[in-house]
2 protein chains.
Amino acid sequence: MDAAEFRRRGKEMVDLIADYLENIEQRPVYPDVEPGYLRSLIPEEAPEEPDTYEDVVKDIERVIMPGVTHWHSPYFYAYFPTANSFPAMLADMLSGAIGCIGFSWAASPACTELETVMMDWLGKMLKLPEDFIAGTHGQGGGVIQGTASEATLVALLAARSRAVRMILASDPQRPETGITSKLVAYSSDQAHCSVERAGMIAGVRMKKIPTEQSDKYAVQGETLRRMIQEDKAAGLIPFYFCATLGTTPSCAFDHITELGPICNAEKIWMHIDAAYAGSSFICPEFRPLLNGIEFADSFNFNPHKWLLVNFDCSTMCSVCSTNPNPLIPLCLTLSPPLPQTTSQHWQIPLGRRFRSLKMWFVFRMYGLKGLQDYIRKHVELAKEFESLVRADQRFEISADVVLGLVCFRLKGSNEVNETLLKRINNGRKIHLVPCQLSGQFVLRFAVCARTTESRHIREAWRLITQLAEEEFPCCLISCEVKG
Amino acid sequence: MDAAEFRRRGKEMVDLIADYLENIEQRPVYPDVEPGYLRSLIPEEAPEEPDTYEDVVKDIERVIMPGVTHWHSPYFYAYFPTANSFPAMLADMLSGAIGCIGFSWAASPACTELETVMMDWLGKMLKLPEDFIAGTHGQGGGVIQGTASEATLVALLAARSRAVRMILASDPQRPETGITSKLVAYSSDQAHCSVERAGMIAGVRMKKIPTEQSDKYAVQGETLRRMIQEDKAAGLIPFYFCATLGTTPSCAFDHITELGPICNAEKIWMHIDAAYAGSSFICPEFRPLLNGIEFADSFNFNPHKWLLVNFDCSTMCSVCSTNPNPLIPLCLTLSPPLPQTTSQHWQIPLGRRFRSLKMWFVFRMYGLKGLQDYIRKHVELAKEFESLVRADQRFEISADVVLGLVCFRLKGSNEVNETLLKRINNGRKIHLVPCQLSGQFVLRFAVCARTTESRHIREAWRLITQLAEEEFPCCLISCEVKG
């Protein structure tokens, strides 16, 4: 395929994409296929001679679409959102064409530099402390990671390195392996599994801090303090705490204004994972949830979740005010010495796409106000769903609705709720996933798609109540009587 | 921007991309900017109100292009290639629109399944042993990673886990940290820095195996065997060897037919990193370079380098014939229990794009023969460049030219060669990077762009010799006299 044919096929693809997204709500949101469905639909080997492009395009509907979970359908309410906007897609097309690999400044200066400035734009949108803005002191700043999992790991590695160096400074004879075997990291028992995974990868102990429903699933300062004291008494070295703002199960918020000073006093690196909730902090009314950021060493959230920048774009800022920079140990340069920006090495992979183009297009085409409106609309839709649930005494709300996630359940057994969820997802009209909260099986309703409107929310609720009535007419009557 | 406007803007972007790639050789391949150039060209903050799309597009030429290193110019000979083909770009557009996050089978079955089948197609193109093909035994198979760095790390983590489990099986009382502190991994001193970095991340000792020019920079079985014996005698536990097929400095090949049996006998996990060279193994004449793969536990290369699949697409296969699967310790599932394929968890990030669409489009639109032709053409162009160098007695070839990389230098001091390279890159007409081989400063000439032709190679050589004559007329005369 040459450039002339690409002009033709590219324009057809633009129309195919627009058609797909304009008509997405006609499709069943969740696919009706069994594991292994695809293998039998295509040849066992690549063709020797080229296929025609027409055949490839035909196979999109025949092979791919039947197995797609449509994350951008307004009837998709599972997990958390993943972003999808037209400006981001246009920027991504350009990024693919430029196709530079930004592992160093020289490998494509625009790639490194636009990223640094876009991280500053974002930092200012979030009103981060100046320490986190590269353009001010130049010590801190941000980079784009692929995912929050990588950011959590990079922060943990930096914290490990800083802890080892601090201990060696006061006790140079101590063997390094003897230090790492005593290190202990902490996170909430509500934290994402990638936090535990980061500990496994780095080979350090990771302890889960228990939370309670009565505390809204937030880590309590008193609990953290007690665990630290107990671990220190047992000869361990606390060095890292991953706070979560907006947990995956229920969108709970750790109180970082209380936890931050404890970490600072104990020289524990505090990383903040706000993967989903972080985007909302561009709105003044949600920014207080980030108060306490001034105690953090690093902070991460995913514009690719809720800020209209297509995956992957997970933004990580660090103050790096310590000198030498604790992230430096990850900075092994390539053999040919080239001008480097250290920030490019705050990451696990070395190669990287020109991802900041997506932020640039989206921030400019929406403007801060447009982005704020978008966040607010999703929160309003969640509140609307919450009202519907609260108005129906057969159901209950299982956790505070702060942003775009509603955790709810039928008043009844876990089994009843599991069955209801199975019915909902088997219907393929809407899609939800569950979580466990204090031993209860809970349904998560997350407002996800860019095109979700009030009518979709009401239709989803109509379906949920209809299925509940069909499945449990007796149970529901007894609930109503009890209510 | 709504779908209707996207139809218009998307088509304009397709033309912009086609224009960019059709006219790329008119641009200086290496940018003429100083670090920090971009910040002054754009506002310090995101706009409150949206900018117009026209303004955004105008800024591509004003802000971005002056700072781009044009990796797809036929005058780009630096690093190794990064792929860029029209079918891959079309597939990537589709992937962006579907925008699913494939962290589990249920999150989008087509995403998981097409990946598994495309990895099988690739495995068959490479004639991998059946253990590496999912469709045959179902134990092994492959996944797409973001980069080779991640594959190296994942293999190392799996090896670490297997080693610990094997030792605990025979000595259950031994503390785990006491084991990891004794583990030792190996790689060539020619290996990519990401291998050393993987050791640092995983917190294990990583030793570099010295190589010699006389051995063509390949790791010798005798050297590996001796290091293993010495380390075992010192109480260490050898557990991982990363072999390289096609090193970054000179495209050297470790002899895995000799090294593999040593690793197998010592229960050392052998991972093969063939990031660049791997793509060539689809040609029968280069496939012998992969002989010995049957001794490996895992194997990785980057179709996003040389197989026309745009970044990111780094393919990793593992036999995983051991049971329990040593990669399993990385498999922490999300809270809601959903059908999972373990392969999705052979990676550091949890989220992932629908990357296999790119492989599918490229393999079908080129066909195996088209891909083989592409590889062969690049190798021929490298051989042509090698001939030009060999015909000029002022220059020398510094390492065997096996694939698309030519390492060469002026007969003379390192300083002379450094100056020459600086002149070449400052000219901005062609772009090369250097390497160090046995203490010598060497120029690397890698055939990179899809559109490179013989005329570009000859023009590059004309420029190099012209600059050498301008800079070192005396030196060159003396070289000629000596020659």
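- Only the side chain of T147(A) comes within less than 4.5 Å of a heavy atom in chain B; its backbone stays farther off.
- Using a 4.5 Å cut-off between heavy atoms, T82(B) contacts chain A through its side chain alone, with no backbone atom that close.
- Contact of M118(A) with chain B is made through the side chain alone, with heavy-atom distances under 4.5 Å.
- Highest contact tally toward chain A, considering only L156(B), I64(B), V33(B), is held by I64(B) [criterion: heavy-atom pairs under 4.5 Å].
- Between A18(B) and F6(A), the shortest heavy-atom contact is CB-CD2, 4.3 Å.
- Most heavy-atom pairs under 4.5 Å with chain B: of the set T180(A), D2(A), N310(A), D312(A), this distinction falls to D2(A).
- In this structure, L157(B) and I348(B) have side chains that are in contact, with non-hydrogen atoms separated by less than 4.5 Å.
- Only the side chain of L21(A) comes within contact range of chain B, with at least one heavy atom under 4.5 Å from a heavy atom of that chain.
- Annotation: side chain of F363(B) is not in contact with side chain of D51(A) (no heavy-atom distance under 4.5 Å).
- H192(B) has its side chain within reach of L350(A): a pair of non-hydrogen atoms, C-beta onward, lies under 4.5 Å apart.
- Of the two parts of L153(B), only the side chain, counted from C-beta on, holds a non-hydrogen atom closer than 4.5 Å to a non-hydrogen atom of chain A.
- Contact of the W121(A) side chain with the M359(A) side chain is not registered, since no non-hydrogen atoms from C-beta on lie closer than 4.5 Å.
- Between chain B and the options H431(A), M365(A), Q145(A), the largest number of non-hydrogen pairs under 4.5 Å is found for M365(A).
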For K11(B) and D15(A), what are the C-alpha separation, side-chain angles and deciding distance, and is it a salt bridge (charged side-chain N to carboxylate O under 4.0 Å, His left out)?
CA-CA 9 Å; K11(B) 289 165 192 174; D15(A) 278 327; 2.9 Å; yes

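- Contact count versus chain A (heavy atoms, under 4.5 Å) is highest, among E12(B), E150(B), E45(B), for E45(B).
- Residue contact with chain B, scored on non-hydrogen atoms closer than 4.5 Å, involves the backbone and the side chain of E49(A) alike.
- Counting heavy-atom pairs under 4.5 Å between each of L368(A), T52(A), N425(A) and chain B puts L368(A) at the top.
- Your options are N84(B), I60(B), L90(B), and the one with the most heavy-atom pairs under 4.5 Å with chain A is L90(B).
- The part of P31(A) that comes within reach of chain B is its side chain, from C-beta onward, which places non-hydrogen atoms under 4.5 angstrom from that chain.
- Side-chain atoms of W71(A) never come within 3.5 Å of backbone atoms of A78(A) as a donor-acceptor pair (strictly under, hydrogens ignored).
- With chain A as partner, the option from Q372(B), R353(B), H70(B), M89(B) having the largest number of non-hydrogen pairs under 4.5 angstrom is R353(B).
- Ranked by heavy-atom pairs under 4.5 Å with chain B, the first of V204(A), V117(A), T451(A) is V117(A).
- The candidate with the highest count of non-hydrogen atom pairs below 4.5 Å against chain A, out of R160(B), M65(B), E5(B), R9(B), is R160(B).
- Neither the backbone nor the side chain of P66(A) comes within contact range of chain B; no heavy atom of the residue lies under 4.5 Å from a heavy atom of that chain.
- Looking at S149(A), the atoms closer than 4.5 Å to chain B (heavy atoms on both sides) all sit in the side chain, from C-beta outward.
- Each of F361(A), W360(A), Y366(A) has some count of heavy-atom pairs under 4.5 Å with chain B, and the biggest count is that of W360(A).
- Taking the ring axis of F80(A) as reference, the NZ or CZ atom of R444(A) stays within 45° of it and closer than 6.0 Å to the ring centre.
- Residue contact with chain A, scored on non-hydrogen atoms closer than 4.5 Å, is absent for S314(B).
- The part of M125(A) that comes within reach of chain B is its side chain, from C-beta onward, which places non-hydrogen atoms under 4.5 angstrom from that chain.
- Proximity to chain A (any heavy atom under 4.5 Å) is restricted, for Y20(B), to the side chain, taken from C-beta onward.
- Between the side chain of Q190(A) and the backbone N or O of T248(A), no donor-acceptor pair lies under 3.5 Å.
- Ring geometry for H304(B) against F311(B) counts as tilted: the plane angle lies between 30° and 60°, on a 0 to 90° scale.
- Using a 4.5 Å cut-off between heavy atoms, L371(A) makes no contact with chain B at all.
- For L357(B), the part lying under 4.5 angstrom from a heavy atom of chain A is the side chain only.
- Using a 4.5 Å cut-off between heavy atoms, E34(B) contacts chain A through its backbone alone, with no side-chain atom that close.
- The contact between D55(A) and chain B is made by backbone and side chain atoms together, counting heavy-atom distances below 4.5 Å.
- When side chains are defined from C-beta on, F441(B) counts as touching Q436(B), because their heavy atoms get closer than 4.5 Å.
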As a quick check of understanding, evaluate salt bridge (charged side-chain N to carboxylate O under 4.0 Å, His left out) for R7(B) and D19(A), giving each step before the final call.
CA-CA 9 Å; R7(B) 287 180 200 270; D19(A) 290 345; 2.7 Å; yes

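- When heavy atoms are compared at a cutoff of 4.5 Å, E44(A) approaches chain B by way of both its backbone and its side chain.
- Remark: the backbone N or O of P87(A) is not paired with any side-chain donor or acceptor of K358(A) at under 3.5 angstrom.
- Within the 4.5 Å cutoff, the side chain of V14(B) has no heavy atoms near those of the R8(A) side chain.
- Looking at E22(B), only its side chain comes within 4.5 Å of chain A, counting heavy atoms on both sides.
- The greatest number of non-hydrogen atom pairs below 4.5 Å with chain A, out of G10(B), G96(B), A46(B), S181(B), is found for A46(B).
- Per-residue counts of heavy-atom pairs under 4.5 Å with chain B were compared for I101(A), I24(A), L122(A), V68(A); the largest is that of I101(A).
- Interface residue F354(B): only side-chain heavy atoms are found under 4.5 Å from chain A.
- For L16(A), the part lying near chain B is the side chain, with the backbone staying farther off; criterion is any non-hydrogen pair under 4.5 Å.
- For the atom pair CD1 (I98(B)) and OG (S108(B)), the distance works out to 7.0 Å, reported to the nearest 0.5 Å.
- At a threshold of 4.5 Å between non-hydrogen side-chain atoms, the residues D92(B) and M93(A) do not count as touching.
- Here the OH atom belonging to Y79(B) is positioned 10.5 Å from the CG atom belonging to L432(B), to the nearest 0.5 angstrom.
- Considering only heavy atoms from C-beta on, P109(A) comes within 4.5 Å of T69(B) through its side chain.
- When heavy atoms are compared at a cutoff of 4.5 Å, I42(A) approaches chain B solely by way of its side chain, counted from C-beta outward.
- Qualifying side-chain hydrogen bond (donor to acceptor under 3.5 Å, both in side chains) partners for Y53(A), counting only residues two or more places apart in sequence or in other chains: none.
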